[in-house]
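Handing you this structure, nothing more for now.
For this chain, numbers begin at 1 and follow the sequence in order. Computed from a prediction, not measured in an experiment: that's the story for all the values here.
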Amino acid sequence: VILVGVSLLFAAVVTDHWAVLSPKVEEYNATCEAAHFGLWRLCTKRIYVQERGAGEKGCGPISLPGESNCSYFKHFTPGESSEIFEVTTQKEYSISAAAIAIFSVGFAIIGTICVLLSFGKKRDYLLKPASMFYTFAGLCIIISVEVMRQSVKRMIDSEDTVWIEYSYSWSFACACASFVLLFSCGIILLLIALPRFPQNPWETCMDAEPEH
């Protein structure tokens, strides 16, 4: 279960489908530009307008075929261009979410190393720090999720942005699922690693050697 949580954590960090943004569309039979982004990149995609309900117009869904263009955020690679993201939200949100996610990945890697080393003889004590590292990894990724959620909310509420609709995609779901698995398994692993207390203390006293 911990390996599944770590895999979901890596998938969430390296993919670009945390949130999907859609602009306001006024006419049909034309192309529109939707966007999806993650911790590191923003991807825009030109797709055809599709009506999704009465009085509801939107660009998408993002899974439709179209010409896509991805670029890293400017604050990570100065040579790249991502003006849309820079204008519509503070870059501090993106930097904070990415940094906290990196801490989460680091904690998960150290915890996995401790678990692997604990398979040796008389190394069960390594399970305790491993459980704490997994718990910290879960806490860090859920903090990164909340920072990203606030980033999207700020982007939509901004008057300068063209985006009016948003939805969280599968990378966001992977991050949330990894939090649940890593945090809960870290607590369970800590309880397993704790020393067992004798069920009947009187039996322990009776088994002791008599004093001469």
Side-chain angles (χ1 to χ4, degrees), residues 1-20 36-41 72-73 75-76 90-153 167-212:
V1 177
I2 290 176
L3 289 177
V4 173
V6 174
S7 300
L8 291 174
L9 174 63
F10 276 96
V13 171
V14 301
T15 53
D16 306 317
H17 289 79
W18 283 63
V20 178
H36 64 86
F37 67 93
L39 296 173
W40 317 102
R41 295 195 309 174
Y72 287 93
F73 294 138
H75 42 269
F76 293 128
Q90 295 178 352
K91 68 178 182 180
E92 286 79 8
Y93 278 99
S94 176
I95 296 175
S96 300
I100 297 172
I102 289 298
F103 277 112
S104 179
V105 171
F107 284 137
I109 292 175
I110 297 175
T112 303
I113 293 175
C114 291
V115 169
L116 294 177
L117 293 177
S118 68
F119 292 143
K121 293 183 177 180
K122 297 181 179 181
R123 291 181 179 177
D124 294 342
Y125 61 90
L126 290 175
L127 290 178
K128 296 178 183 178
S131 64
M132 299 304 297
F133 283 127
Y134 284 129
T135 304
F136 292 155
L139 291 175
C140 286
I141 194 61
I142 197 61
I143 293 174
S144 180
V145 164
E146 179 60 22
V147 172
M148 182 64 72
R149 193 180 70 85
Q150 294 296 330
S151 172
V152 174
K153 186 176 182 300
S167 62
Y168 299 109
S169 192
W170 56 270
S171 298
F172 190 89
C174 287
C176 295
S178 67
F179 158 71
V180 174
L181 294 179
L182 291 177
F183 185 81
S184 59
C185 288
I187 299 297
I188 294 173
L189 187 61
L190 179 61
L191 296 177
I192 293 175
L194 290 176
R196 295 183 179 181
F197 294 97
Q199 296 180 355
N200 192 345
W202 294 107
E203 294 179 357
T204 304
C205 295
M206 293 175 64
D207 291 342
E209 297 183 359
E211 296 181 0
H212 298 287

Exercise. How long is the span from the CG atom in Leu126 to the OG atom in Ser118, to the nearest 0.5 Å?
Worked result: 6.0 Å
Exercise. What distance do Leu127 atom CG and Cys114 atom SG have between them, rounded to the nearest 0.5 Å?
Worked result: 9.0 Å
For this session: Indicate the ring-plane relationship of Tyr168 and Phe172, choosing parallel, tilted or perpendicular according to the 30° and 60° boundaries.
Result: parallel
Exercise. Can you tell me how far OG of Ser178 sits from CD1 of Ile2, rounded to the nearest 0.5 angstrom?
Worked result: 13.0 Å
Show me the side-chain donor-acceptor pairs of residues 139-148 shorter than 3.5 Å, one per line, residues at least two apart or across chains.
residue, atom, partner, partner atom, Å
Ser144, OG, Ala97, O, 2.9
Glu146, OE1, Arg149, NE, 3.1
Glu146, OE2, Arg149, NH2, 2.9
Glu146, OE2, Gln150, NE2, 2.9

Problem set entry | Criterion side chain to side chain contact (heavy atoms under 4.5 Å, CB included) on Leu189 and Phe133, from CA distance to verdict | CA-CA 11 Å; Leu189 187 61; Phe133 283 127; over 6 Å; no
Seminar exercise, completed: Rounding to 0.5 Å, atoms CD1 (Ile187) and CE (Met132) come to a distance of 7.0 Å
Problem set entry | Ser169 to Val20 - nearest heavy-atom pair and separation | CB-CG2, 4.0 Å
For this session: Check the pair Val4, Leu181 against side chain to side chain contact (heavy atoms under 4.5 Å, CB included), reporting the backbone distance first and the verdict last.
Result: CA-CA 8 Å; Val4 173; Leu181 294 179; 3.8 Å; yes
Exercise. Which pair of heavy atoms, one from Ala175 and one from Trp18, lies closest together, and at what distance?
Worked result: CB-CH2, 3.8 Å
For this session: Assess whether atom CG of Leu3 is packed by more than 12 heavy atoms of other residues, nucleotides or ligands within 6.0 Å.
Result: no
Exercise. Of all heavy-atom pairs between Gly138 and Phe179, which one has the smallest distance, and what is that distance?
Worked result: O-CD1, 3.0 Å
Seminar exercise, completed: With Ile113 as partner, the option from Leu117, Val115, Ile110, Leu116 fulfilling side-chain contact (heavy atoms from CB on, under 4.5 Å) is Leu117
Can I get a per-line list of side-chain donor-acceptor pairs under 3.5 Å for residues 8-16, giving both atom names and the distance, sequence neighbours left out?
residue, atom, partner, partner atom, Å
Thr15, OG1, Ala11, O, 2.5
Thr15, OG1, Ser171, OG, 2.5
Asp16, OD2, Arg41, NE, 2.9
Asp16, OD2, Arg41, NH2, 2.6

Exercise. When you measure from the side chain of Tyr134 to the backbone N and O of Thr112, does any donor-acceptor pair fall under 3.5 Å?
Worked result: yes
